[in-house]
K.L.:
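First the structure, then my questions, so here it is.
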Amino acid sequence: MTAPSMRGAAPDCAAARAAAATVNAANNDTRTGALWHRLLSFMTRDDTTGAGVSVRTRFAPSPTGYLHIGGVRTALFNWLFARRHGGQFILRIDDTDRQRNLEEALQPILDGFRWLGLDWDEGPEVEGPHAPYFQSACHARHREAVERLLAGGHAYRDYATAGEIQAEREASQRDKVRFIYSRRWMAETPAQAAAFEAEGRTAVVRLKMPRDGVCAFDDLVRGPVEFEWALEQDHVVQRADGTCLYHLASAVDDHHFRITHVIRAVEHLSNTPRQIFIARGLGYELPAYAHLPYVAEPGGAEKLSKRKLDTYLQHPDFRKLHEHGARIMEAQGKPVGSASFNPLVVAFYRAVGYRPEALLNYLLLLGWSLDDRTEMFTTAEMIERFTLERVNKSAASFDPPKLLAFEERYMQRLPLAARAAAAVPFLRRNGALPESPSPADLDRVSLVVGAAGERLKVAGDILNYLEFFRPDDAFPYDEKAFTKRIRAAGAADRLGRFRTVLETVDPFDAATLHDVMQRFIAAEEIAIGRIIHAVRVAVTGKAVGFGLFEGLEILGREACLARIDRALARLGAETECA
RNA sequence: GUCCCCAUCGUCCAGAGGCCUAGGAUCUAGCCCUUUCAAGGCUAAGACACGGGUUCGAAUCCCGUUGGGGACGCCA
């Protein structure tokens, strides 16, 4: 028996589908995507409350060792949809190719999810009623499915060699038609199989795709979609050695895990007919499908690929993002050449000190929006407001400056104590703070973080202010600034006179220091610029920084005097030599 | 090559035939403030890909063109 031609969608899916089809028939002149969307999302909502059918979504990473930024966006939408409907979010590991170090390849992915706060109801480590959650542990289930497909006439054993298939494929190319297998080496009876085997051939199992009709289904993002069955290939679902291929495993496992909504990237859209064919052949109820647009490369339209890091580094915005991170890593003595130090991978943002909620918020808006102005979403708000109907159809390119803008906003709304706490680990890794910082150390961090204000965009930016955590005689000078501000004629003498003033300032706080400075320039009859920069370079070694008087106050009188002395001594040594 | 999809400022989004002189964010530029700065404030510039329809009226609906992208594995 051959598979039924499926004109007019899968009859066994949700009521939503049937209802939508009715509406379509009644409105065949105005079947707008919007109408569909409203209806489908309404029905979806209804499913969860009415029938008590729990929404179950899944994200199925293969254990590669990295959590890709585009993958996280897909995972986020799955997670939000499940949470929005009070359902479950499942993590399934697609490791059909046996991994050598599964543990090693999986842990960074789970860490990434945990860091972002995307919790899973079933999956690795938390387990659940449908365990195991590793595809490689489900071979028996997959093989049994193949047997049923074979028995039902939805698949056949094929004895063609790779070379023979290749020849047919090339012939199709020449004729400029889509490759469709001739089924010349198809064996549907034991006798045929025996004949081929007598020739020494071995068999794979192929899907016996319909050769007429269309596969129609309603995508929750894209609306009604149709594919001609005749253009689908007889895909291989099982190799000669008995191992099963991805699409078979995926359809079978989605059913096994009771997935109700398959939400994944568009590149799977054209794979959907074969999965529907498998699912129907096995008598499954079909899940609803939602195909998300992919995340495109910075400044481009192509799909973001983590292998193209070098190309993206040519893009100025992306390079800035990378360099910013690299400075922070280097200040911690960490290598920047490693594969995970890559802005296409979630671990990068954690390592540099981004807020996970900022990344999430940015990713949320990459392909989805609530309206024309709401941009900031707490996790609770995302869950409350997220709908698939408002997901965009077109690809969105990854824009580093905008991500940073969100990061800044999130950092700024954090209370001072939280920002300081986030900065501490960076200082510790740099060695600027001991393993167990004293209360005084922590006060100092808090003061610097407060003074730095909006200059502290990511937690790792604290490493721009290391001079506040170094001994008075052990921070470097910006040579250019030193020359301009201290080696300049008369600068050292003025600095010396200001030093004398500092000896008696009381109290030694920013406001008083500011007054003292004003009186000093009045007495000297100079513009403030003639002295303030010299003080900044002497005390911090740098030409730029946050408010100077706050800086002086944080350092305290003794440190300021010692630092000015050190700068003057340095200059003195130079002139003696000359 | 075949099939499918997409199309509003540089980028991310809003837009459901009249609320559009197209809105917000980001980026960019200018000005202001300031001791510096990747700080802050204010202002500005910047888009409906093109061509046909339908309609009293189109960014919005239809067709075509162009452009971009994806899928075409015994990968996942």
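Letters A, B, ... are given to chains in the order of the sequence lines, protein chains preceding strands, and every chain is numbered from 1.
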K.L.:
For A:Ala160, answer base if it contacts any base atom (sugar-phosphate contacts may also be present), sugar-phosphate if it contacts only those atoms, and nothing otherwise; contact means non-hydrogen atoms under 4.0 Å.
P.N.:
base
K.L.:
For A:Arg487, which residues count as a salt bridge (Lys or Arg N to Asp or Glu O under 4.0 Å) partner, sequence neighbours excluded?
P.N.:
A:Glu479, A:Glu574
K.L.:
When you compare B:rG10 with B:rU28, how far apart are their C1' atoms, in angstrom units rounded to a whole number?
P.N.:
9 Å
K.L.:
Would you indicate what A:Arg485 reaches in the nucleic acid, counting non-hydrogen atoms under 4.0 angstrom: base, sugar-phosphate, or nothing?
P.N.:
nothing
K.L.:
Identify the nucleotide, in any strand shown, that forms a Watson-Crick or G-U wobble pair with B:rC19, with both distances under 3.5 Å; if there is none, say none.
P.N.:
none
K.L.:
Can you tell me, in whole Å, how much space there is between the C1' of B:rG23 and that of B:rA71?
P.N.:
36 Å
K.L.:
Any side-chain N or O of A:Arg239 under 4.0 Å from OP1/OP2 of B:rG73?
P.N.:
no
K.L.:
Salt bridge check, A:Glu164 against A:Arg201: does any charged N sit closer than 4.0 Å to a carboxylate O?
P.N.:
yes
K.L.:
Check every atom of B:rG23, B:rA76, B:rU35 against the side chain of A:Leu548 and return the nucleotide holding the closest atom.
P.N.:
B:rU35
K.L.:
Can you figure out which of B:rC13, B:rU26, B:rA39 approaches the side chain of A:Glu454 most closely?
P.N.:
B:rA39
K.L.:
Quick one: which of B:rU36, B:rA76, B:rC13 gets closest to the side chain of A:His533?
P.N.:
B:rU36
K.L.:
Can you find a donor-acceptor pair, distance only, under 3.5 Å between A:Arg264 side chain and B:rA71 base?
P.N.:
no
K.L.:
May I ask you to verify if any side-chain N or O of A:Lys303 is less than 4.0 angstrom from the OP1 or OP2 atom of B:rA71?
P.N.:
yes
K.L.:
Between A:Arg390 and B:rG15, is there a contact of a side-chain N or O with OP1 or OP2 at under 4.0 Å?
P.N.:
yes
K.L.:
Please pick, from B:rG40, B:rU26, B:rG69, the nucleotide with the shortest atom-to-atom distance to any side-chain atom of A:Ala301.
P.N.:
B:rG69
K.L.:
Under 4.0 Å, counting only non-hydrogen atoms across every strand here, what does A:Lys320 touch: a base, just sugar-phosphate, or nothing?
P.N.:
nothing
K.L.:
By the 4.0 Å heavy-atom rule, please label A:Gly367 as base, sugar-phosphate, or nothing.
P.N.:
sugar-phosphate
K.L.:
Within the 4.5 Å heavy-atom criterion, are A:Tyr181 and A:Gln233 side-chain neighbours or not?
P.N.:
no
K.L.:
Would you indicate which nucleotide in B:rG69, B:rC37, B:rA38 comes nearest to any side-chain atom of A:Tyr294?
P.N.:
B:rG69
K.L.:
Do we see A:His268 stacking on the base of B:rA76, given a limit of 5.5 Å between centres and 30° between planes?
P.N.:
yes
K.L.:
Classify the nucleic acid contact of A:Arg274 as base, sugar-phosphate or nothing, counting any heavy atom under 4.0 Å across all strands shown.
P.N.:
nothing
K.L.:
Between A:Asn271 and A:Lys402, just flag the one whose closest nucleotide in RNA chain B comes earlier from the 5' side.
P.N.:
A:Lys402
K.L.:
Mind checking who B:rC61 pairs with, Watson-Crick or G-U wobble, both distances under 3.5 Å?
P.N.:
B:rG53
K.L.:
Please report the distance separating the C1' of B:rA22 from the corresponding atom of B:rA16, rounded so that it comes out in whole Å.
P.N.:
16 Å
K.L.:
Assess whether one donor atom and one acceptor atom, taken from the side chain of A:Lys393 and the base of B:rC6, lie less than 3.5 Å apart.
P.N.:
no
K.L.:
Classify the side chain of A:Arg178 and the base of B:rC72 as holding, or not holding, a donor-acceptor pair under 3.5 Å.
P.N.:
no
K.L.:
Nearest to the side chain of A:Ala396 - B:rG73, B:rC12, B:rU11?
P.N.:
B:rC12
K.L.:
A:Glu408 CD to B:rC37 P: how many Å, rounded?
P.N.:
17 Å
K.L.:
Determine which nucleotide pairs with B:rU43, using a 3.5 Å limit on both distances of a Watson-Crick or G-U wobble pair.
P.N.:
B:rA29
K.L.:
Under the criterion side-chain contact (heavy atoms from CB on, under 4.5 Å), which of A:Leu552, A:Thr512, A:Ile531 is the partner of A:Met517?
P.N.:
A:Ile531
K.L.:
Rounded to whole angstrom, note down the C1' distance from B:rC9 over to B:rC27.
P.N.:
11 Å
K.L.:
Should A:Ser369 be listed as having a side-chain N or O under 4.0 Å from OP1 or OP2 of B:rA14?
P.N.:
yes
K.L.:
Do the charged groups of A:Glu467 and A:Arg563 touch, with an N to O distance under 4.0 Å?
P.N.:
no
K.L.:
What does A:Gly529 touch in the nucleic acid at a heavy-atom separation under 4.0 angstrom: a base, only the sugar-phosphate, or nothing?
P.N.:
nothing
K.L.:
Between A:Gln412 (CD) and B:rA39 (C1'), how many Å, whole number?
P.N.:
10 Å
K.L.:
Can you tell me if A:Gln233 touches the phosphate of B:rG73, counting only side-chain N or O atoms and a distance under 4.0 Å to OP1 or OP2?
P.N.:
yes
K.L.:
Once you apply a heavy-atom cut-off of 4.0 Å, does A:Phe398 come out as touching a base, just sugar-phosphate, or nothing?
P.N.:
nothing
K.L.:
On a whole-Å scale, what distance lies between the P atoms belonging to B:rC19 and B:rG30?
P.N.:
36 Å
K.L.:
Are A:Arg494 and A:Phe498 in a cation-pi setup, meaning NZ or CZ lies under 6.0 angstrom from the ring centre and within 45 degrees of the ring axis?
P.N.:
no
K.L.:
Could you measure between the two P atoms, the one in B:rG67 and the one in B:rC20, and give it in whole Å?
P.N.:
35 Å
K.L.:
Students often mix this up, so state it plainly: with edges at 30° and 60°, are the rings of A:Tyr133 and A:Phe257 parallel, tilted or perpendicular?
P.N.:
parallel
K.L.:
Can you tell me how the ring of A:Phe468 sits relative to the ring of A:Phe546, calling it parallel under 30°, perpendicular over 60° and tilted otherwise?
P.N.:
parallel
K.L.:
A:Asp372 has an atom CG; how far is it from atom C1' of B:rA59, in whole Å?
P.N.:
15 Å
K.L.:
Please give, in whole Å, the distance from B:rC12 P to A:Leu363 CG?
P.N.:
14 Å
K.L.:
Report, as yes or no, whether the 6.0 Å neighbourhood of atom CZ on A:Arg497 holds more than 12 heavy atoms from other residues, nucleotides or ligands.
P.N.:
yes
K.L.:
Of the options B:rC12, B:rU35, B:rC74, whose atoms approach the side-chain atoms of A:Ile528 most closely?
P.N.:
B:rU35
K.L.:
With a 3.5 Å limit on both atom pairs, tell me what B:rG1 is paired to, counting Watson-Crick and G-U wobble, or say none.
P.N.:
B:rC72
K.L.:
Output the rounded distance in Å from CZ (A:Phe179) to P (B:rC4).
P.N.:
19 Å
K.L.:
Can you tell me how far P of B:rC13 sits from CG of A:Leu292, to the nearest Å?
P.N.:
12 Å
K.L.:
Return the value, rounded to whole Å, for the distance between atom CG of A:Leu552 and atom C1' of B:rU36.
P.N.:
13 Å
K.L.:
Counting only side-chain heavy atoms from C-beta out, which of B:rG10, B:rA76, B:rA39 sits nearest to A:Ser62?
P.N.:
B:rA76
K.L.:
What does B:rC9 pair with, Watson-Crick or G-U, if both distances are under 3.5 Å?
P.N.:
none
K.L.:
Mind checking the C1' distance from B:rG68 to B:rC32? Whole angstroms is fine.
P.N.:
43 Å
K.L.:
Does A:Arg409 qualify as a cation-pi partner of A:Phe406, given the criterion of NZ or CZ under 6.0 Å from the six-membered ring centre and within 45 degrees of its axis?
P.N.:
yes
K.L.:
Kindly point out which of B:rC3, B:rC13, B:rU36 is positioned nearest to the side chain of A:Leu231?
P.N.:
B:rC3
K.L.:
If you measure from the C1' atom in B:rA7 to the same atom in B:rA49, how many Å do you get, rounded?
P.N.:
8 Å
K.L.:
Rounded to whole Å, how long is the line connecting atom CG of A:Asn392 with atom P of B:rC5?
P.N.:
17 Å
K.L.:
Find which nucleotide of RNA chain B each of A:Arg206 and A:Tyr362 is nearest to by heavy atoms, and output the residue with the more 5' nucleotide.
P.N.:
A:Tyr362
K.L.:
Regarding B:rA76, can its base be found pairing with the side chain of A:His247 as donor and acceptor, where the two atoms are less than 3.5 Å apart?
P.N.:
yes
K.L.:
Just compare B:rA38, B:rC37, B:rC12 and give me whichever is closest to any side-chain atom of A:Arg455.
P.N.:
B:rC37
